[in-house]
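Since we're looking at a predicted model, the values are computed, not measured.
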Amino acid sequence: MEDMPLLLVLKPIVVSGDPVLSVRGQMFASQLARKHPVPFCQFLDICARHRLVKGVTADAVYWLYRNLHKRVKYPPSDATAKDIPLFQLLHPVDHLSMKCTNCIGAKDRIEAGSSLDFIELQMTKCRVAPIPFWNCSDAVTGKDMRVGFVKGDPKDDWYLKYLPTRVTNTVMQLSITGYKAFGSTEGYKISYVSHDFANATDAQGAHIGLNVTTTVRVGMLKPGAPGTNEMIYDISNSSFPLVNGQIRNRLLGNTDVGSTRKIGRGQMLHSIQEWQNLANWLQPVWAANKAKMPA
């Protein structure tokens with residue numbers, strides 16, 4: 001696989017006609033902001049089955065998550081290439097920074113129990129399109145308007161134009177088959193992200209890519225059944241309506257989006273871009289770094 005220009009990684013294609021984002025394609029099945037018989041039960045619940053991530057292997061994704069707090073040279077074949085955070089390669093338009101507060105010592109790798117601080121600003125300069133996706137192109141020219149942080153977006157604009165997420169994430173599971181983590185703030189568990197992935201093969205047994213399912217939950221949460229590494233809504237907690245209301249107000253108060261359903265669509269587009277963009281860069285970066293930076 002040839003190295004891709006960094007610009008292509010920085011500006012994922014997000015137009016309605018793109019087959020990667022086709023509603024009728026085999027990208028995903030999702031439910032956004034589902035209603036529940038119990039009032040205030042759910043804030044946001046998303047499940048997405050992604051389109052095949054072509055050419056990408058589970059080994060490479062596992063390596064990526066184990067070393068997501070580190071930097072690599074990109075493109076790897078360029079001797080003069082600069083060091084770039086893997087977290088920004090994963091989604092340089094929306095990702096700002098991350099750190100692992102307990103990835104220290106000889107291993108210095110992310111694992112179950114690791115504490116990760118992410119800062120992401122999603123839905124940059126996007127609007128709702130006629131189909132249920134964000135459209136991030138100029139209404140007149142059709143050009144992608146999203147320049148990303150590496151282009152120097154003013155910090156003054158962050159809380160007016162973007163959806164900021166700034167929570168501490170605790171990794172529950174990290175293996176060759178998936179990543180699961182919950183986010184917390186002010187003593188409450190308020191978010192859950194799960195990525196389950198597995199290698200896919202053709203009829204002859206040759207590797208063709210990765211099958212991925214993503215689950216996102218936002219709201220007051222608690223651990224699910226033992227051994228599942230899952231977080232579920234804490235509907236029996238008397239603070240549930242109050243905490244969910246605060247979460248909603250915080251998210252909507254920091255963006256001009258104005259709808260939790262639209263936030264769900266934006267988060268799902270963000271996830272689609274992360275996974276589909278891996279085909280552009282992950283395999284050569286993994287091959288160039290796995291020996292000196294093992295999983």
Side-chain angles (χ1 to χ4, degrees), residues 1-14 53 55-111 113-122 124-125 144 146-155 157-158 162 164-171 174 176 179 181 193 195 197 210 270-295:
M1 182 182 297
E2 297 180 356
D3 296 328
M4 297 292 292
L6 181 57
L7 182 61
L8 294 185
V9 180
L10 295 179
K11 300 186 67 175
I13 299 172
V14 284
V53 185
V56 173
T57 63
D59 284 335
V61 173
Y62 175 59
W63 171 87
L64 172 64
Y65 275 102
R66 289 276 276 170
N67 294 285
L68 195 57
H69 59 304
K70 300 177 183 177
R71 304 170 73 95
V72 296
K73 292 189 179 301
Y74 189 87
S77 62
D78 185 351
T80 64
K82 296 181 179 179
D83 287 342
I84 297 177
L86 277 169
F87 185 63
Q88 287 193 344
L89 275 179
L90 182 59
H91 200 310
V93 174
D94 288 359
H95 285 180
L96 178 58
S97 67
M98 75 157 290
K99 65 178 180 179
C100 178
T101 58
N102 55 357
C103 292
I104 56 177
K107 292 179 65 176
D108 189 26
R109 293 191 290 275
I110 297 171
E111 59 190 0
S114 291
S115 181
L116 311 177
D117 291 330
F118 294 121
I119 300 180
E120 301 182 3
L121 303 179
Q122 298 179 4
T124 53
K125 300 182 180 178
D144 192 342
R146 309 198 311 160
V147 293
F149 312 108
V150 292
K151 296 293 186 179
D153 287 347
K155 292 183 179 180
D157 292 345
W158 288 0
Y162 310 135
T165 59
R166 185 176 305 193
V167 296
T168 298
N169 294 269
T170 301
V171 179
L174 179 51
I176 196 68
Y179 167 89
V193 177
H195 300 297
F197 46 85
L210 206 64
H270 173 91
S271 179
I272 291 169
Q273 291 172 332
E274 283 185 334
W275 283 100
Q276 295 301 322
N277 221 23
L278 292 182
N280 292 335
W281 66 273
L282 180 57
Q283 293 304 124
V285 169
W286 170 61
N289 291 277
K290 62 182 179 179
K292 58 186 176 183
M293 190 187 296

Undergrad: I'd like to check Tyr62 versus Leu174 (side-chain heavy atoms, cut-off strictly below 4.5 Å). Are they in contact?
TA: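 Tyr62 vs Leu174: side chains touch.
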
Undergrad: Sub-3.5 Å donor-acceptor pair from the side chain of Asp83 to the main-chain atoms of Tyr74, do we have one?
TA: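 Here the side-chain-to-backbone pair does not exist.
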
Undergrad: Look at the side chain of Gln283 and the backbone N and O of Thr57, then say whether any donor-acceptor pair between them is shorter than 3.5 Å.
TA: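 Pair found, side chain donor or acceptor close to backbone of Thr57.
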
Undergrad: Can you list everything that forms a side chain to side chain contact (heavy atoms under 4.5 Å, CB included) with Ala58? Sequence neighbours excluded, please.
TA: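 Once residues adjacent in sequence are excluded, the partners of Ala58 under the side chain to side chain contact (heavy atoms under 4.5 Å, CB included) criterion are Ile176, Phe197, Asn199, Leu210.
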
Undergrad: Less than 4.5 Å apart, any side-chain heavy atom of Asn277 and any of Glu274?
TA: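 No, side chains not in contact.
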
Undergrad: First locate atom CG of Leu89, then atom CG of Leu282, and finally report the distance between them rounded to the nearest 0.5 Å.
TA: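 That separation rounds to 9.5 Å.
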
Undergrad: Between Ala288 and Pro76, what is the shortest heavy-atom contact and its length?
TA: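 Closest heavy-atom pair between Ala288 and Pro76: CB-CB, 3.6 Å.
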
Undergrad: Using the rule given for side chain to side chain donor-acceptor pair (under 3.5 Å), can you reason through Asn102 versus Ser115, listing the C-alpha separation, both sets of side-chain angles and the distance that settles it, and then say yes or no?
TA: CA-CA 6 Å; Asn102 55 357; Ser115 181; 5.3 Å; no

Undergrad: To check you understand the geometry: which heavy-atom pair defines the closest contact between Ala81 and Lys73, and what is its length?
TA: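 So the two residues come closest at O-NZ, 3.5 Å.
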
Undergrad: Among Leu64, Asn67, Val285, find the one that has a side-chain contact (heavy atoms from CB on, under 4.5 Å) with Val72.
TA: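 Single pass found, and it is Val285.
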
Undergrad: Say whether, by atom type as modelled, one donor and one acceptor occur between the side chain of His69 and the main chain of Asp108 under 3.5 angstrom.
TA: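 Side chain of His69 to backbone of Asp108, a donor-acceptor pair under 3.5 Å: yes, one is there.
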
Undergrad: Using a 3.5 Å distance criterion without hydrogens, assess whether the side chain of Arg71 forms a donor-acceptor pair with backbone atoms of Leu86.
TA: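 Side chain of Arg71 to backbone of Leu86, a donor-acceptor pair under 3.5 Å: no, none is there.
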
Undergrad: Could you tell me whether a side-chain N or O of Trp63 sits under 3.5 Å from a main-chain N or O of Met293, the two making a donor and an acceptor?
TA: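 Yes, because the side chain of Trp63 sits within donor-acceptor range (under 3.5 Å) of the backbone of Met293.
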
Undergrad: Of the non-hydrogen atoms in Met98 and Leu68, which two are nearest, and what is the gap between them?
TA: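 Where Met98 meets Leu68 most closely, the heavy atoms are SD-O, 3.4 Å.
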
Undergrad: Nearest 0.5 Å please: distance from the CD1 atom of Ile110 over to the SG atom of Cys103.
TA: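 Ile110 atom CD1 to Cys103 atom SG measures 5.0 Å (nearest 0.5 Å).
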
Undergrad: To the nearest 0.5 Å, what is the distance between NE2 on His91 and CH2 on Trp275?
TA: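 Answer rounded to 0.5 Å: 13.5 Å.
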
Undergrad: Are there over 12 heavy-atom neighbours, none belonging to Lys99, within less than 6.0 Å of that residue's NZ?
TA: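 Check fails, neighbour count at 12 or below.
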
Undergrad: Look at the rings of Tyr179 and Tyr65 and say which category their plane angle falls in: under 30° parallel, 30 to 60° tilted, over 60° perpendicular.
TA: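 Because their plane-to-plane angle is under 30°, the rings of Tyr179 and Tyr65 count as parallel.
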
Undergrad: Could you go through the side chain to side chain contact (heavy atoms under 4.5 Å, CB included) check for Gln276 and Val53 one step at a time?
TA: CA-CA 6 Å; Gln276 295 301 322; Val53 185; 4.0 Å; yes

Undergrad: Just verifying a value: how many Å separate Leu116 CG and Thr101 OG1, rounded to the nearest 0.5 Å?
TA: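 Leu116 atom CG to Thr101 atom OG1 measures 7.5 Å (nearest 0.5 Å).
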
Undergrad: For residues Arg109 and Cys100, determine if any side-chain heavy atom of one lies less than 4.5 Å from a side-chain heavy atom of the other.
TA: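 Answer no - side chains too far apart.
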
Undergrad: Judged by modelled atom types alone, do Thr80 and Asp78 share a side-chain donor-acceptor pair under 3.5 Å?
TA: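 Yes, Asp78 and Thr80 have a side-chain donor paired with an acceptor closer than 3.5 Å.
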
